[in-house]
Structures are given as C-alpha cells and as structure tokens.
Amino acid sequence: MKFVAWSCLLATTANAFVVPPLSTSFKTTSSSLSAATLEAPVRTPETPDRVATVRERFRRASEDAKQAVGCSTEDTGNEFWRTPVSQRDVTSDQPLRVVVAGGGVAGLVTAAACHAKGMQVAIFEQASQYAPYGGPIQIQSNALRALERINPKVYQEIVAAGTVTADRVSGLKIGYKKGVFLGLGEQYNKGDWLVRFDTLQPALQAGLPATVVVDRPVIQQILLQHGVPPGTVRIKSRIASYKELGPGEGLEIKLEDGTVAYADVLVGADGIWSSVRRQMHDLERGADGFAASGAAGGALNEAEARRMAKDSVLMASNANRRYSGFTCYAALTEHKASNIEEVSYQILLGKDKYFVSTDGGGERQQWFALIREEAGGVDPEPTADNPTPKLNRLLKEFNHEEPGDQNGDVWDDFAYELFKSTPEEAIKRRDLYDGAPLLTKGWTRGQVAICGDAAHPMMPNLGQGGCQATEDGYRLAEELATVKHTTEIEGALKSYYFKRIPRTTIIQILAQLGSDLLVDFDKMMTIPLVGPFFLYMTQFSMPFILRFLYTAEF
C-alpha cells in the first residue's frame, strides 16, 4: 500500500501549480471534449509577447481581486434569499434556491454548476475582498472534464489561460549526494533523476486534455464573468448559524452582520475550518475560523498568517483535523528556470524536507519548500540586521555549498537558483493540515451539504485538492437537478455524498501516505535492494494511479 501511495504522490506533485495563455496547443476534431480526439501537445518556447501577456493578466486579475470586482454590488433589498421559502414543486418559475458559504474556487464552481442547472444561487464570502493569491493552481484533466460539463465557456477560457506541463520531463530527484548502507548498491549524486513520469498519456487515453495550470485570481475572474450572474457574491458575509425549518421547508441562515437569508439548500464550501461543518457536525465553537487552504498561503497577508499559525493549532484539535508535520514555504517568482525547456516539474528529496518546483508560465516558477517541524512556528520579523528571515532560513535549509545544511548535505543548485530569484515579500508560510475521511459523520445533514476542503482536506502531493472540489461541485449540481419537489432535497444530497465519498477517501489516504513516506525516503534509500525495488514499484504503478485520477466519471 505504501508503494502505491508513494507512486500516487509523485503523479502530479504538490498542490496548486502553474498558469495562463497556452504555450502548448491541443488539436481537436470537435469542440466538445466528450467527442474530441486529442493530440499530444508540442512544447514551443515562450515568446516575449506571451511572457508579457501572462504576467499582465495575473497583475490585472490580482488588482480586480483586491477591488472586489464582481463581488462589490450593493444590496438592493430585493435579493431572492431575503424571502422565506416553502415546501413546493420545483419548476423553472420556482427553482431551487441555493446559498453557498465560501467564495473560493470550490464555492464559485459549485455556484456555477447549480446556476447552469437553472437554480438561483447566492455566495456568501466572509472576506472583504479577494486578496491576491500567491500562486497558480493545477486544473488537472479530471477537473477540466468537470468544468467542460458544467459550463463550456468557463472551460474554454481556463484552457486558453493555461500552461501545459505534460510536454516535458517531470518526476522525482535526489536533492543531495547520497550513498547506501555499507556502499552496497548504487550511489546517487545530487540532482539525479530517481523516477520520471508521463502524465500525458493517461489523460489522452481517457479522452481528456492535459493538465493546465492557471493563476488563482484569473480562475476567480473567469468564474465570476462567465459562471455566475452579476451580484452572486456578497462579501463581508460570514455565516454565524443556520436553522432547518422542516423537510422541504428550507433553512433560515443568520450572518454575523445580523442579515437573515433563506434558502432551500445550504452548501458549505468554506474551507478546512468550515463554519458550516462546525454546526453540521456539532463541533465546538473553536473549530472554525478565518483561514485559507492550500500550500501557497492563500489570501492571508503576513500579519494574518502569523496569527493563523497559532490559531490553527487550537482549531485543529476542536475540528478533528490533523497537522501533517510539515510547514510549507511557497512563492511564485518571475524567473526563467535554467531547465525550463526540458523539465516541467520536479521534486528534490532530502532528510525531513523536500523542494518542489513547477513551470508557472510566463517565465515564472512556482516553488514549495516543505520542512518537517512542530506546528505553530513563525519566522522572525524582518530587521535591519536580518531583512530577509524567510529567505535566509531557506538558503540554510537547502544550502548548495559546503558544509551544506544542518545534516551536512550539499543540495542541488536548482533550489538555490529559485530562492535567490524570489523577493522576501513574495514568500508565504503555512502549516499544512488535512483530515481523516468523514466516513461516519458524512458530508450532509438534512438540507445542508459540504464540499471541497470542508469535506475532504488533503495534502498537496497529488495536486488534487482543487480538482476534487471541482468534481464535488459538478456532482452536487447533478444530484440537485433531479429534485422535483423540495422534500426530495435530503435524498439528493445523500446521493451526492454516497457517489463522492469512495473516490475522495482513496485520494485523501493516498495523499496523506505519500506525504508521510517522504519523511522516510532517506532511510529507505540506504537499504540495499529495498531502495531500488521501491523506485521500481513507483515507476511501474504510476500509469495505473494516473488512470484512476484521470477519469471522466465522478
């Protein structure tokens, strides 16, 4: 099982990756993915024009996010959610009313999917703005299929804004020179490839396009412009509590500002510290809070991130969440990597830490440095003597010159190359949390459901967190679309849960095991026969793992 988990881990690497307009093209015989014959993309070097386009689009989308473009419509007093609902037949004149808590990717996709099925949708987002996000996110082949089914225009815009990474080498490297026990076996030099993967063929064999990576603010703006009606998102709207009014009678939802809303369905897409899940599962009040999920630091500024590092330790205990054992530094740097035309992404492995990098499009690199340590740690504040505390720590942890890091290991130059190209203020830090599959507690209760990180937070190793949230949104809307009378809502939500829980459980477990195995990598590679067998099994099982991830049915 551990070998399989390790293979899965390497499949698509660390969560949230890469970005806008395609430097690689697809050819199709049909505009519909389900009928398309896809050809393998061919890598072409990025031109100065494309580099400028990608960077400018990210800048504009980030500025729109800061100004809450698409989310700043003033209340009129006539919003559909202000009127109580009642038990009734569901028709085009009396559609289902759905309130989504959380305006991140999970919430926006869920709202877009429900809107596409003719439902009335409102999103209540607790933040006062969509703050610029620190990096891009992977939209893998399975999630692209879900988006195409939800809204072809959204799909087309995201593909047009994306960069393909499957057209070059990807996989696992050793981060430093490494021998084996008593010299009985192969010696590894820093930067040696251990395993390489083909993430393209499994997608093409399933009739799916290759993974693209897109900046999160760009995805948000695409979904706001093409996925939901204007005025759908209401910011500064944190849900304080909700009350079910009876089977088919809907819910009364109270916001912290005193506003009362009514809906047939409430969906909690409000992240790992979900307030909807807290009430659904009868958790203590300390189980929810303000936080952004993901390895790249989310929308938190530095002050919020420092406070959150402490708060998360308490919330995790109350919310039955698990600290992974890793703190993660991440950044997106405007830098043309020295190996950009040959390598799309790679993992450099070391003792109790590893380094991940991926093409960010527009001659940018997204990188993650994961270090094993206790939860709740923060870096020193910048001072005149130490103006770059995060960068200085990383340069020591991944030192590429003698005497090396604290273990005496001299690292491959590539991590140093990216660190030195990154400004201190661009580096985010986040402790990584996940959770056990909710097999007994479930994702639904009555007319309420949860999705995304609220339902299945996972380690970033498979890059499937956002992808599974996208699948959730598609499936939830499909099940709700079968409702003919509001008394059928509870059954439709249960059907959503039963159809999603097997797949997300497997992926959660594999992501967690894969992350845990990274810590033991150094020990395993020192054992004669075991190390080579371990790598062989990883390489052998990879196509099977990818075929499971890259499915058209979810």
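All heavy atoms count here, side chains included; hydrogens, waters and symmetry mates do not. Computed from a predicted model, the values in this text were never measured in an experiment.
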Cationic N near anionic O, under 4.0 Å, Glu63 to Lys66: yes

For Asp215, the option from Arg364, Arg55, Arg59 that meets side chain to side chain donor-acceptor pair (under 3.5 Å): Arg364

No-hydrogen, no-angle side-chain donor-acceptor test under 3.5 Å, Asn142 and Glu471: yes

Salt bridge (Lys or Arg N to Asp or Glu O under 4.0 Å): pairs with one or both residues in residues 152-163, sequence neighbours excluded: Lys153-Glu157

Closest contact, heavy atoms only, Asn339 versus Gln346: ND2-OE1, 3.5 Å

Check: Ile371 and Asp352 side chains under 4.5 Å, non-hydrogen atoms: no

Glu401 vs Val410 side-chain heavy atoms within contact, under 4.5 Å: no

NZ or CZ of Arg547 within 45° of Phe544 ring axis and under 6.0 Å: yes

Short side-chain to backbone donor-acceptor contact, Glu417 and Ser338, under 3.5 Å: yes

Distance-only side-chain donor-acceptor flag, Ser421 / Thr333, under 3.5 Å: yes

Separation between CD1 of Ile545 and CD1 of Ile506, rounded to the nearest 0.5 Å: 9.5 Å

Sidechain-backbone polar pair: Glu125 side chain, Ile235 backbone, donor-acceptor under 3.5 Å: no

Side chain Thr388, main chain Leu391, donor-acceptor under 3.5 Å: no

Side-chain donor-acceptor contact under 3.5 Å, Asp64 with Gln220: no

Lys390: side chain to side chain contact (heavy atoms under 4.5 Å, CB included) partners, not counting sequence neighbours: Glu302, Tyr329, Asp379, Glu424, Ile427, Arg429

Atom pair CD (Gln464) and CG (Leu510), whose distance is rounded to the nearest 0.5 Å: 11.0 Å

Non-hydrogen side-chain atoms of Leu546 and Gln201 separated by less than 4.5 Å: no

For Gln225, side chain to side chain donor-acceptor pair (under 3.5 Å) partners two or more places apart: none

Distance-minimising heavy-atom pair for Arg168 and Val343: NH1-O, 3.8 Å

Counterpart residues, ring pair (Phe, Tyr, Trp, His ring centres under 6.0 Å), relative to Tyr474 (two or more places apart): Phe554

Check: Trp367/Thr358 side-chain N/O donor and acceptor closer than 3.5 Å: no

Results of salt bridge (Lys or Arg N to Asp or Glu O under 4.0 Å) for Arg393 - residues two or more places apart only: Glu373, Glu397

pair Ser170-Thr165: side-chain heavy atoms closer than 4.5 Å: no

Residue pair Asp413, Lys190: steps toward the side chain to side chain contact (heavy atoms under 4.5 Å, CB included) verdict: CA-CA 9 Å; Asp413 294 338; Lys190 59 182 182 179; 4.2 Å; yes

From Lys420 atom NZ to Leu395 atom CG, the distance as rounded to the nearest 0.5 Å: 6.0 Å

Side chain to side chain contact (heavy atoms under 4.5 Å, CB included) between Ile123 and Leu108, worked out: CA-CA 8 Å; Ile123 296 174; Leu108 286 167; 3.7 Å; yes

Partner residues of Ala552 under the side chain to side chain contact (heavy atoms under 4.5 Å, CB included) criterion, sequence neighbours left out: Arg145, Arg149, Leu208

Backbone N/O of Val228 and side chain of Thr232: donor-acceptor pair under 3.5 Å: no

Modelled atom types, side-chain donor and acceptor of Asn461 and Tyr354, under 3.5 Å: yes

Straight-line distance of Leu172 CG to Leu194 CG, nearest 0.5 Å: 4.5 Å

Check: Tyr433 and Ser312 side chains under 4.5 Å, non-hydrogen atoms: yes

Under the side chain to side chain contact (heavy atoms under 4.5 Å, CB included) test, residues paired with Val105 that sit two or more places apart: Val109, Arg216, Ile219

Verdict with reasoning, Leu476 to Thr110, per side chain to side chain contact (heavy atoms under 4.5 Å, CB included): CA-CA 7 Å; Leu476 180 60; Thr110 299; 3.8 Å; yes

Atom of Ala454, atom of Asp270 and distance for their closest heavy-atom approach: CB-OD1, 4.2 Å

Ion pair check, Asp405 and Lys353, cut-off under 4.0 Å: yes

Step-by-step side chain to side chain contact (heavy atoms under 4.5 Å, CB included) determination, Gln221 to Val69: CA-CA 8 Å; Gln221 289 302 310; Val69 172; 4.1 Å; yes

Separation between CD1 of Ile347 and OG of Ser357, rounded to the nearest 0.5 Å: 9.5 Å

Close side-chain approach of Asn189 to Asp192, heavy-atom, < 4.5 Å: yes

Residue pair Ile137 / Gly466: nearest heavy atoms and the distance that separates them: CD1-CA, 4.4 Å

With sequence neighbours excluded, residues passing salt bridge (Lys or Arg N to Asp or Glu O under 4.0 Å) with Glu425: none

Any donor-acceptor N or O pair under 3.5 Å, side chains Arg196, Gln539: no

Those residues that, when tested against His335, pass ring pair (Phe, Tyr, Trp, His ring centres under 6.0 Å) (two or more places apart): none

Asp472 CG to Arg503 CZ distance, which is reported to the nearest 0.5 Å: 10.5 Å

Smallest separation among heavy atoms of Pro209 and Tyr155, with atom names: CG-OH, 3.9 Å

Phe355 and Trp411 aromatic centres sub-6.0 Å: no

Non-hydrogen side-chain atoms of Met459 and Leu432 separated by less than 4.5 Å: yes

For Pro437, side chain to side chain contact (heavy atoms under 4.5 Å, CB included) partners two or more places apart: Leu439, Thr505, Gln508, Ile509

Closest contact, heavy atoms only, Ala331 versus Gln366: O-OE1, 3.1 Å

Ring centers of Tyr345, Phe368 separated by less than 6.0 Å: no

Heavy-atom side-chain proximity of Tyr550 to Thr211 below 4.5 angstrom: yes

Salt bridge (Lys or Arg N to Asp or Glu O under 4.0 Å) involving Glu381 - partner list, sequence neighbours excluded: Arg306

Those residues that, when tested against Arg322, pass salt bridge (Lys or Arg N to Asp or Glu O under 4.0 Å) (two or more places apart): Asp434, Asp516

